[in-house]
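In what follows, a single structure is set out as structure tokens and then discussed.
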2 protein chains.
Amino acid sequence: MKRNTIQRSLTLDAVQKLKCHPTAEEVYDFVASEHPTISRGTVYRNLNQLAANGEIRKMEIPSGADHFDHLCHDHYHVRCLKCSRVFDVDMDYIPDLEKSIKNTHGFELSGYDLTFKGICPDCSMSDQTRANTGANSRK
Amino acid sequence: MKRNTIQRSLTLDAVQKLKCHPTAEEVYDFVASEHPTISRGTVYRNLNQLAANGEIRKMEIPSGADHFDHLCHDHYHVRCLKCSRVFDVDMDYIPDLEKSIKNTHGFELSGYDLTFKGICPDCSMSDQTRANTGANSRK
DNA sequence: TCCTTAATAATATATATTACTATTAAGAAC
DNA sequence: GTTCTTAATAGTAATATATATTATTAAGGA
């Protein structure tokens, strides 16, 4: 039977407290700060089980670590191509986008991942700063 | 200046011959079969440079290796959650989806990754087979 | 043919994640 | 509360994917 361990509770609590789409590593760091003996593998396993149970959401980001989120409305994300951080996107969710597929060729569809790409304000500002000060002229 | 090495030509040729969205590893295997001394790092570097130049396309798939594609029309992909293979999707491309974002909050957007998820016919057929023969009843 | 240096091969390292295994502890049975 | 079963854990190793490092090679201009 499924057991209710403190490690699982701490993992769930951490995801709910860390509002900003934490990665497994960030969740681990947070949990480890109050329960230093927890192991990374336990956090990974619990995150995946919680996501499978629908208690949290797992967001799979191309070219980067998975991010986790407390449950909330469906929404999209944008990742910064420089700093790899992930942010919410202010856009209506497209329900049943997979219904637009003309011919599934026997595929059983079960959803999709959509992630926008770009440069975040912080990174584009620091580019600007470097350009203005000429600091980017170094080899 | 940019140099035209055989390794780069072989890498480009391989992507154009391997029609089915090869991963870097698959490209490496293909190239290595005719040029066994090529190194993995060289294939990775050339694939990324060719993609940066727009000579091939790099597809970043959540939770899996990047795939590469010879240039063709914009289209979406679906990955099988069991065997991780990637297939083309028969659906109209949505141009400028990022224009639907209401407020970019200063983000400089430059595109998006959209990948559908599901179970491919091969994998769902083998499930079916196991179910019919009762082979899935083992613990 | 020579020369400069971009590109390479080989190896090491980084990152993200899962697998393995002896030990611990959750919760059912008593 | 005590015992018992075994799910879950801690710690470690292993895996997958990809980039970094460095001495050596070779592309292509002079």
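Quick caveat: nothing in here was measured; it's all calculated off a predicted structure. Chain A is the first sequence line, chain B the second, and so forth, proteins listed ahead of strands; every chain is numbered from 1.
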Quickly work out the [X] [atom1] to [N] [atom2] distance and round it to whole Å.
X: A:Lys2; N: C:dA28; atom1: NZ; atom2: P; answer: 14 Å
X: B:Arg3; N: C:dA6; atom1: CZ; atom2: P; answer: 7 Å
X: B:Gln49; N: C:dA7; atom1: CD; atom2: P; answer: 6 Å
X: B:Arg8; N: D:dA27; atom1: CZ; atom2: C1'; answer: 12 Å
X: B:Asn46; N: D:dT19; atom1: CG; atom2: P; answer: 13 Å
X: A:Tyr28; N: C:dT17; atom1: OH; atom2: C1'; answer: 14 Å
X: B:Ile38; N: D:dT24; atom1: CD1; atom2: C1'; answer: 16 Å
X: A:Leu47; N: C:dT18; atom1: CG; atom2: P; answer: 10 Å

Does [X] make a side-chain N or O approach to OP1 or OP2 of [N] shorter than 4.0 Å?
X: B:Tyr44; N: D:dA18; result: yes
X: B:Thr42; N: C:dA9; result: yes
X: A:Asn48; N: C:dT18; result: yes
X: B:Gln7; N: D:dA26; result: no

Considering every strand and a 4.0 Å limit on heavy-atom distances, what is the contact class for B:Thr37: base, sugar-phosphate, or nothing?
sugar-phosphate
Answer with yes or no whether the hydrophobic clustering places A:Ile56 together with A:Val27; edges join I, L, V, M, F, W, Y residues whose side-chain heavy atoms lie under 4.5 Å apart.
yes
In this structure, would A:Tyr76 and B:Leu114 fall into the same cluster of hydrophobic residues linked by side-chain contacts under 4.5 Å?
yes
Whether A:Tyr93 and A:Tyr112 hold their rings parallel, tilted or perpendicular, with breakpoints at 30° and 60°
parallel
Which comes earlier along DNA chain D counting from the 5' end, the contact point of B:Lys58 or that of B:Asn4, where each point is its nearest nucleotide?
B:Lys58
Establish, from distance only, whether the side-chain atoms of A:Ser63 and B:Glu60 form a donor-acceptor pair under 3.5 Å.
yes
For B:Arg8, run the side-chain contact (heavy atoms from CB on, under 4.5 Å) check against B:Thr42, B:Asn46, B:Leu47 and tell me which one passes.
B:Asn46
Could you work out which one of [options] sits closest to the side chain of [X]?
X: B:His35; options: C:dG27, C:dA9, C:dA26; answer: C:dA9
X: A:Ala24; options: C:dT17, C:dA9, C:dG27; answer: C:dT17
X: A:Arg40; options: C:dA7, C:dT17, D:dA18; answer: C:dT17

